[in-house]
**Q** 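Here's a structure for you.
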Amino acid sequence: MLNLAMPQNSYPRPLPRRFFSQNALEVTRRLIGKTLVRFLDDDILMGKIVEAEAYIGENDPACHAFRGLTPRTRVMYGPPGFSYVYFTYGMYFMLNAVCEREGFPAAVLIRAVEPLEGLDKMMELRKIEDPLKLANGPGKLCVAFDIKSELNAIDLTSKVSNLQLCAGKDVAHVKWTSRVGIREGSDKKWRCFIPGNKFVSPGKIKLRPRKS
DNA sequence: AGAATGATCCTCT
DNA sequence: GAGGATCATTCTC
């Protein structure tokens, strides 16, 4: 559907690759306030990033690259600015942006966005109405933005990609806490979010007891 | 409010 | 086979 309120030449521009080549914590901090843009056949969806987490290198036990280079983690070892989309819990996709230099595996998990544009389509995809709950978690966000494995390893900095990370309004104040839903590595305060923002995820995931 | 459970399947061991 | 960067629903207190 043609959106007359926002003509094409006023879409935010994709962030440059050098943005993602910085260290992962810097990228995480600076992604807060930026815009996630998704182009569908008949809709354009946008959201303001309000929460993100860093996963950094082979020594971070919560990072998928902790177990080294595998077919799945290959994209994390590639150049910055690409998507790392993976499937988990038998049900959900997670969206990451690869960062740091090529050869060093690191990525930023986009955990929550505040919906800005295309709310009707997000409601249809999510099958709920409440704007506060459309994308306030990494799994929900991927449903709301129709992000699946076919969007893995795509260039988020290209203006022809149908998933982009774009300019936004800088956020003055953020808070850092432990990452959500992980078993090890919770000593590191690598989760960044806008304190008080209503679109941030609940941040409480119950880990199932491990058999052993 | 907090705990338990089902959904559901890809990736790595 | 096991476990997982989750979520919604259903319980129990």
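Just the heavy atoms: all of them, side chains too, but no hydrogens, waters or symmetry mates, feed the values below. Treat the numbers as computed from the prediction; the structure is a model and nothing was measured.
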**Q** Do we count A:Y92 as stacking onto C:dT6 if the rule is ring centres under 5.5 Å and planes under 30°?
**A** no
**Q** Got a sec, which residues hit ring-ring contact (aromatic ring centres under 6.0 Å, His included) with A:F93, two or more places apart in sequence or on another chain?
**A** A:F87
**Q** For A:P202 and A:N136, work out which heavy atoms get closest and say how close.
**A** CD-O, 3.5 Å
**Q** For A:R126 and C:dA8, is the shortest distance between a side-chain N/O and OP1 or OP2 below 4.0 Å?
**A** yes
**Q** Give A:R72 one of three labels, base, sugar-phosphate or nothing, depending on what nucleic acid heavy atoms sit under 4.0 Å from its own.
**A** sugar-phosphate
**Q** Do A:M46 and A:P12 have side chains that get closer than 4.5 Å, going by heavy atoms?
**A** yes
**Q** Specify the separation, in whole Å, of atom OH of A:Y89 and atom P of C:dA8.
**A** 14 Å
**Q** Does some side-chain heavy atom of A:T157 sit less than 4.5 Å from a side-chain heavy atom of A:L165?
**A** no
**Q** Does any N or O donor sit under 3.5 Å from an N or O acceptor when you compare the side chain of A:Y86 with the base of C:dA5?
**A** yes
**Q** So which nucleotide does C:dA5 pair with, by the Watson-Crick or G-U wobble rule with both distances under 3.5 Å?
**A** none
**Q** Compare side-chain N and O positions of A:R183 against OP1 and OP2 of C:dG4 and report whether any pair is under 4.0 Å apart.
**A** yes
**Q** Nearest to the side chain of A:K206, heavy atoms from C-beta on, is which of B:dT13, B:dA3, C:dT6?
**A** B:dA3
**Q** Could you work out which one of C:dC7, C:dG4, B:dT13 sits closest to the side chain of A:I205?
**A** C:dC7
**Q** Residues of residues 192-199 of chain A with any non-hydrogen atom less than 4.0 angstrom from an atom of DNA chain C: list those, numerically ordered, please.
**A** none
**Q** Does A:M94 reach a base, just sugar-phosphate, or nothing at all? Heavy atoms under 4.0 Å.
**A** sugar-phosphate
**Q** Is a salt bridge present between A:R17 and A:D155, judged by a nitrogen-to-oxygen distance below 4.0 Å?
**A** yes
**Q** Quick check on the hydrophobic clustering: are A:F20 and A:F82 connected, directly or via other members, by side-chain heavy-atom contacts under 4.5 Å?
**A** no
**Q** According to the 5.5 Å centroid and 30° plane-angle thresholds, does A:Y55 stack upon the nucleobase of C:dA5?
**A** yes
**Q** Taking the side chain as every heavy atom from C-beta outward, state whether A:Y77 and A:E58 have any pair of such atoms under 4.5 Å apart.
**A** yes
**Q** Could you please name the partner base of B:dG2, counting Watson-Crick and G-U wobble pairs only when both distances are under 3.5 Å?
**A** C:dC11
**Q** Give the rounded distance in Å between these two atoms: CZ of A:F93 and C1' of C:dC7.
**A** 15 Å
**Q** Does A:T73 use its side chain to pair, donor to acceptor, with the backbone of A:G68 at less than 3.5 Å?
**A** yes
**Q** It should be established whether A:H64 places a side-chain nitrogen or oxygen under 4.0 Å from OP1 or OP2 of nucleotide C:dA5.
**A** yes
**Q** Taking atom P of C:dC7 as reference, at what distance in whole Å does atom CZ of A:F87 sit?
**A** 13 Å
**Q** Do A:R72 and A:Y86 meet the cation-pi criteria used here (NZ or CZ under 6.0 Å from the six-membered ring centre, within 45° of the axis)?
**A** yes
**Q** Checking all strands, does A:L109 fall into the base, sugar-phosphate, or nothing category for heavy-atom contacts under 4.0 angstrom?
**A** base
**Q** Please give me every residue in residues 130-151 of chain A whose heavy atoms get under 4.0 Å of an atom in DNA chain C, ordered by residue number.
**A** A:G137, A:P138, A:G139, A:K140
**Q** Honestly, is A:R179 close enough over A:Y55, meaning NZ or CZ under 6.0 Å from the six-membered ring centre and within 45° of the axis?
**A** yes
